Amino acid sequence: MARSSLFPASVQPGKPILPPCPPGWTTVTFGDVLEVVERPVNLNDDVEYQLVTAKRSRGGVVARSRLLGRDVLTKTQFQIARDDFLMSNRQIIHGGCGIVPPALDGAVVSNEYSVLRPNSKLLLEFLAYLSHSIYFQQTCFHASVGVDVEKMIFDCERWLDFKIHLPSLHEQRRVAEILSSVDGAIAATRAVIEQTRKVKQGVLERLLTKGIGHTRFKQTEIGEIPEGWGVVELDGITPPDRKITYGIVQAGPDYPEGVPYIRVSDMGEYQIDEGSVLRTSPEIASKYLRSELQRDDIVFALRGKVGHVLRTPESLIGANLTQGTARIACGGRIISEFLLWALRSPQSERQYKREIKGSTFQELTLGSLKKIRVPLPPVEEQQLLAHRIEDIEAGLRSSERSLLSLLEAKSALMSDLLTGRKRVTDALTIAAE
């Protein structure tokens with residue numbers, strides 16, 4: 001097996017090859033700018049110690065547990081200090097590294113970690129971003145020894161001999177400031193998304209239990225709802241000639257000109273991933289016309305992503321379903337826009353959880369799905385409720401698109417600024433735009 005095939009998912013395969021040194025930068029080794037620090041600790045049985053871990057994918061250094069000295073299994077421990085750069089000898093190939101935050105000053109780690117401090121030639125803030133670079137990740141992998149990816153051990157002394165290009169301290173500081181400003185925007189956008197999700201969930205539950213403008217309510221098997229609403233099982237609201245049915249096309253060879261069929265794996269959070277949809281031969285598809293999708297049908301995941309529910313896009317009308325999915329036809333007393341949100345509501349989720357079979361591989365039977373109960377307002381109110389919820393959903397999707405754009409911009413900036421392809425003066429213009 002080629003060595004490149006052993007790379008974990010967090011590391012881009014390839015040898016760590018330095019490009020030409022940018023003008024004004026200097027070429028040094030990691031050992032020239034980082035010092036290995038050891039602060040041995042003699043554990044006292046009756047003293048409590050804070051243990052930490054360096055999360056994979058450069059997720060930072062976080063608290064793990066607090067133990068009395070007598071309960072710490074590995075007795076060889078070292079104290080760490082704020083602003084140390086911590087590298088997990090067993091997890092660094094997966095990105096297990098980070099800077100020790102002030103809250104963990106004085107914590108302890110075993111000899112399974114390498115503890116380093118930058119000297120006057122390397123700013124800590126610049127190192128934090130440098131550790132996210134492809135080159136840095138590849139040097140960590142190639143400085144590790146072992147055959148099995150999960151058992152490779154980091155050789156810090158070997159790693160310190162790898163060369164890097166460094167800008168001046170002034171440029172390091174400006175690069176870190178630019179990337180930090182992008183991080184600030186990313187954090188703010190994530191906060192907006194989190195808050196919007198909470199608001200959406202609250203609005204969803206309120207609208208599907210209180211409706212719009214109602215003052216009189218009644219208790220039902222799914223909870224309190226307006227007096228003028230009903231409660232129905234899914235099997236009782238589908239058109240008589242289009243009952244709820246599960247998919248029956250088996251996954252098989254892909255026929256580019258065939259009939260598309262939807263699998264659970266094709267179901268994203270908001271829509272079906274049409275790029276991953278496979279196609280079956282027309283001969284096979286003709287045998288399974290009863291699972292054909294029509295306009296406004298709902299696709300429901302019965303396996304794996306139980307409760308995952310999406311509307312059929314126009315482009316997939318006529319598609320079939322595999323066995324892990326079900327089709328729910330709408331029309332008459334219920335519209336698909338409303339049923340989509342009713343099936344995503346906390347009331348419905350509680351019903352799924354009671355009926356799900358299995359623990360590792362979860363599944364909801366078609367019979368159980370047919371018995372799921374949903375509220376049934378008048379059609380006009382269904383439309384109003386769906387529009388209210390969709391407005392919040394549209395704002396959430398907009399924020400998520402903004403986050404994706406920021407993450408892509410940060411990735412591009414890091415690639416350019418940390419390699420010197422773009423210098424600080426150019427990057428400032430980009431950041432301002």
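Everything numeric in this text was worked out from a predicted model, so none of it was measured. Note: hydrogens, waters and symmetry copies are ignored here, and every other heavy atom, side chains too, is used.
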Surrounding [atom1] of [X] (heavy atoms of other residues, nucleotides or ligands, distance under 6.0 Å), is the total greater than 12?
| X | atom1 | result |
| --- | --- | --- |
| Q219 | CD | yes |
| R350 | CZ | yes |
| Q383 | CD | yes |
| N42 | CG | no |
| K370 | NZ | yes |
| K218 | NZ | yes |
| R311 | CZ | yes |
| K210 | NZ | yes |

From the list I93, T139, I153, side chain to side chain contact (heavy atoms under 4.5 Å, CB included) partner of S144 resolves to I93
Hey, is the main chain of [Y] close enough, under 3.5 Å, to the side chain of [X] for a donor-acceptor pair?
| X | Y | result |
| --- | --- | --- |
| H308 | G268 | yes |
| S398 | A394 | no |
| R327 | F300 | no |
| T325 | A301 | no |
| Q137 | H132 | yes |
| Y49 | S65 | no |
| D105 | P102 | no |
| S415 | A412 | no |
| S368 | L364 | no |
| S88 | A54 | no |

Can you find a heavy atom in the side chain of [X] that is under 4.5 Å from one in the side chain of [Y]?
| X | Y | value |
| --- | --- | --- |
| L123 | P118 | no |
| T238 | C330 | no |
| E224 | T209 | no |
| I212 | L385 | yes |
| P377 | F338 | yes |
| V61 | L104 | yes |
| L127 | L34 | yes |
| L369 | L234 | yes |

Residues which pass side chain to side chain donor-acceptor pair (under 3.5 Å) with K55, listed by chain and number, not counting sequence neighbours:
none
Apply side chain to side chain donor-acceptor pair (under 3.5 Å) to D183 and list each qualifying residue two or more places apart in sequence or on a separate chain.
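So D183 forms a side chain to side chain donor-acceptor pair (under 3.5 Å) with Y129, K410.
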Of the non-hydrogen atoms in [X] and [Y], which two are nearest, and what is the gap between them?
| X | Y | answer |
| --- | --- | --- |
| I222 | R373 | CG2-CB, 3.7 Å |
| R242 | E292 | NH2-O, 3.6 Å |
| V175 | F126 | CG1-CE1, 4.0 Å |

Between [X] and [Y], is there a side-chain N and carboxylate O pair less than 4.0 Å apart?
| X | Y | answer |
| --- | --- | --- |
| E337 | R344 | no |
| E363 | R303 | yes |
| E194 | R190 | no |

Pair R397-E393, salt bridge (charged side-chain N to carboxylate O under 4.0 Å, His left out): steps then yes or no
CA-CA 6 Å; R397 294 183 195 178; E393 185 75 5; 3.7 Å; yes
Check the angle between the aromatic planes of Y135 and F30 and answer parallel, tilted or perpendicular using the 30° and 60° thresholds.
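Aromatic pair Y135/F30 classed parallel.
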Modelled atom types, side-chain donor and acceptor of [X] and [Y], under 3.5 Å:
| X | Y | result |
| --- | --- | --- |
| E381 | H214 | yes |
| S345 | Q347 | yes |
| E274 | S315 | yes |
| S114 | N89 | yes |

Once side-chain hydrogen bond (donor to acceptor under 3.5 Å, both in side chains) is applied, what residue pairs with a partner in residues 73-86 remain, sequence neighbours excluded?
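Non-adjacent pairs meeting side-chain hydrogen bond (donor to acceptor under 3.5 Å, both in side chains): R39-D84, D84-R117.
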Determine, using ring centers only, whether F217 and W229 are less than 6.0 Å apart.
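For W229 and F217, the ring centres are not under 6.0 Å apart.
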Checking E48 against R66 for the salt bridge (charged side-chain N to carboxylate O under 4.0 Å, His left out) test, could you report, in this order, the C-alpha distance in whole Å, the side-chain angles of both residues, the deciding distance, and whether it holds?
CA-CA 6 Å; E48 190 176 60; R66 296 185 68 88; 3.0 Å; yes
Between CZ on residue R401 and CG on residue L396, distance to nearest 0.5 Å:
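It is 9.5 Å, given to the nearest 0.5 Å.
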Rounded to the nearest 0.5 Å, what separates atom CG in D296 from atom CD1 in I334?
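Separation between the atoms: 12.0 Å.
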